[in-house]
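What follows is one structure encoded as structure tokens, with my remarks underneath.
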2 protein chains.
Amino acid sequence: MPSKLTTEPACENVDSSFLRSLLGYNTRRVTLKIFDIFAARTRAYGLKPVEFSVLNLIGHNPNISHGQLCAELALLPPNLTKILQKLTKKHLIQRFRPESDKRAVYLKLTETGQQQLHELEIVITKLERDSASNLSDEELEQLIQLLQKNYGKTA
Amino acid sequence: MPSKLTTEPACENVDSSFLRSLLGYNTRRVTLKIFDIFAARTRAYGLKPVEFSVLNLIGHNPNISHGQLCAELALLPPNLTKILQKLTKKHLIQRFRPESDKRAVYLKLTETGQQQLHELEIVITKLERDSASNLSDEELEQLIQLLQKNYGKTA
DNA sequence: TATTGTTATACTCTATAACTATA
DNA sequence: TATAGTTATAGAGTATAACAATA
């Protein structure tokens with residue numbers, strides 16, 4: 001790319017005050033930071049945040065359906081199918097067709113799945129607390145409450 | 001996929017309490033919600049959130065360099081290059097090579113760029129306020145403060 | 001005909017490696 | 001030799017369309 005020359009001085013301290021005043025900018029940055037720590041601490045399990053979310057919901061909601069998972073996690077059906085295939089290959093979940101509606105798929109954890117979910121929940125609970133080390137317990141709780149209040153039942 | 005049949009009852013109300021207790025889950029959901037509204041309200045400008053962030057930083061930091069932008073926004077150089085090419089094509093930014101170091105690139109907004117940045121900042125300020133309609137002014141401010149305190153200077 | 005979930009595929013976003021030019 | 005930025009490309013994440021099986 002051809003560019004004109006300049007003798008103007010460089011920009012010294014970067015002013016990002018406008019961006020830092022935006023909720024969306026801040027939530028994205030925090031998400032990226034936490035997901036980095038997540039990747040580092042759960043490497044042994046080979047599961048990404050969304051995949052853990054799916055495992056968790058199946059664990060706490062036996063016989064949850066494909067459609068219910070999509071709605072709860074704002075995932076599109078084709079993408080959830082891939083995640084479920086991966087979890088099935090890792091022998092973490094089992095699939096059942098209800099007699100009452102043979103189109104649907106009901107999901108459950110295997111023994112292995114329950115064990116890994118339990119371990120992961122411990123790792124992640126600790127990880128969450130550590131990733132917010134700048135915040136007191138009260139502040140963290142308050143932060144999460146404010147975030148929930150924001151996206152509420154709509155999403 | 002072959003699945004066994006079951007006569008067990010469906011899962012009724014989905015319990016997502018564990019996920020909702022996680023900071024990372026909540027920040028991701030809020031980000032997605034805000035970015036959806038962003039897309040809807042800024043469609044006329046044809047800029048995505050990251051592209052707006054770049055435009056904003058260049059506007060508030062004349063002669064900012066490629067490297068400074070990457071550091072501030074946690075972008076990789078090749079991906080920033082693409083964004084800058086798009087902004088250049090839209091005649092929103094200009095590129096200069098400093099006499100002192102002809103490897104570097106200093107960036108500035110064009111007149112058009114300044115105009116569009118100004119308009120976008122108004123749209124986005126309003127959008128941010130509307131997207132957090134469940135929160136009072138005080139709560140929104142507090143929320144942003146807590147988020148900033150979390151990722152602080154490290155990220 | 002409508003619904004549940006799958007397959008195939010395209011598009012976007014992010015990441016890595018190799019390169020040019022300056023220093 | 002090291003640094004700033006670019007190019008090309010690969011991989012992950014997300015989206016749309018068409019389909020099979022069941023209701």
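The shown structure was predicted, so the numbers you read here are calculated from the model rather than taken from an experiment. All chains are named by letter (A, B, ...) in the order of the sequence lines, taking the proteins before the strands, and each is independently numbered beginning at 1.
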| request: With sequence neighbours excluded, tell me which residues meet side chain to side chain donor-acceptor pair (under 3.5 Å) with B/Asn79. | output: none
| Residues in contact with DNA chain D, drawn from residues 55-68 of chain B - heavy-atom cutoff 4.0 Å | B/Ser65, B/His66, B/Gly67
| message | Show, in sequence, the C-alpha distance, side-chain angles and deciding distance for A/Leu87 and A/Ile83, and conclude whether the side-chain contact (heavy atoms from CB on, under 4.5 Å) test is met. | response | CA-CA 6 Å; A/Leu87 295 179; A/Ile83 294 172; 4.2 Å; yes
| remark: In B/S/- notation (B base, S sugar-phosphate only, - none; protein heavy atoms under 4.0 Å), nucleotides 18-23 of chain C written 5' to 3' is ---BBS
| remark: Here the distance between atom P of C/dT12 and atom CZ of B/Phe35, to the nearest Å, is 17 Å
| task | For B/Leu80 and D/dT7, give me the distance from atom CG to atom P, rounded to whole Å. | result | 13 Å
| query | Below 4.5 Å, heavy atoms only, C-beta onward: do B/Leu57 and A/Phe18 meet side chain to side chain? | reply | no
| query | What's the closest nucleotide to the B/Ala104 side chain, out of C/dG5, D/dT7, D/dA4? | reply | D/dA4
| What residues form a side chain to side chain donor-acceptor pair (under 3.5 Å) with B/Thr6, not counting sequence neighbours? | none
| B/Glu141 atom CD, over 12 foreign heavy atoms within 6.0 Å | no
| query | Once you round it to whole Å, what is the distance between P of D/dG5 and CZ of B/Phe96? | reply | 15 Å
| query | Are B/Ile37 and B/Val30 co-members of a hydrophobic cluster defined by side-chain heavy atoms under 4.5 Å apart? | reply | yes
| message | Suppose we screen for salt bridge (Lys or Arg N to Asp or Glu O under 4.0 Å). Which residues come up paired with A/Asp101, at least two apart in sequence or across chains? | response | A/Arg103
| All salt bridge (Lys or Arg N to Asp or Glu O under 4.0 Å) counterparts of A/Glu8, not counting sequence neighbours | B/Lys108
| request: Could you list by number each residue of residues 7-16 of chain B showing a heavy-atom separation from DNA chain C of less than 4.0 Å, or answer none if no residue does? | output: none
| query | Should A/Thr81 be listed as having a side-chain N or O under 4.0 Å from OP1 or OP2 of C/dT6? | reply | yes
| OP1 or OP2 of D/dA4 sitting under 4.0 Å from any side-chain N/O of B/Arg95? | no
| remark: Contact string for nucleotides 10-18 of chain D, one letter per nucleotide 5' to 3', B = base within protein heavy-atom range under 4.0 Å, S = sugar-phosphate only, - = neither, reads ---SBBBB-
| Can you name the residues that form a side chain to side chain donor-acceptor pair (under 3.5 Å) with A/Thr31, not counting sequence neighbours? | B/Thr27
| note | For residues 128-138 of chain B, the salt bridge (charged side-chain N to carboxylate O under 4.0 Å, His left out) pairs (sequence neighbours left out) are B/Arg41-B/Asp130, B/Lys126-B/Asp130, B/Arg129-B/Asp137
| task | Check step by step if side-chain contact (heavy atoms from CB on, under 4.5 Å) holds for A/Arg29 and B/Asn150. | result | CA-CA 10 Å; A/Arg29 294 300 293 261; B/Asn150 180 290; over 6 Å; no
| field | Pairs flagged by salt bridge (charged side-chain N to carboxylate O under 4.0 Å, His left out) wherever residues 80-92 of chain B is involved - sequence neighbours left out | value | B/Glu51-B/Lys86
| field | Rounded distance in Å - CG (B/Leu107) to P (D/dA4) | value | 14 Å
| said: Can you list everything that forms a side chain to side chain donor-acceptor pair (under 3.5 Å) with B/Tyr106? Sequence neighbours excluded, please. | reply: none
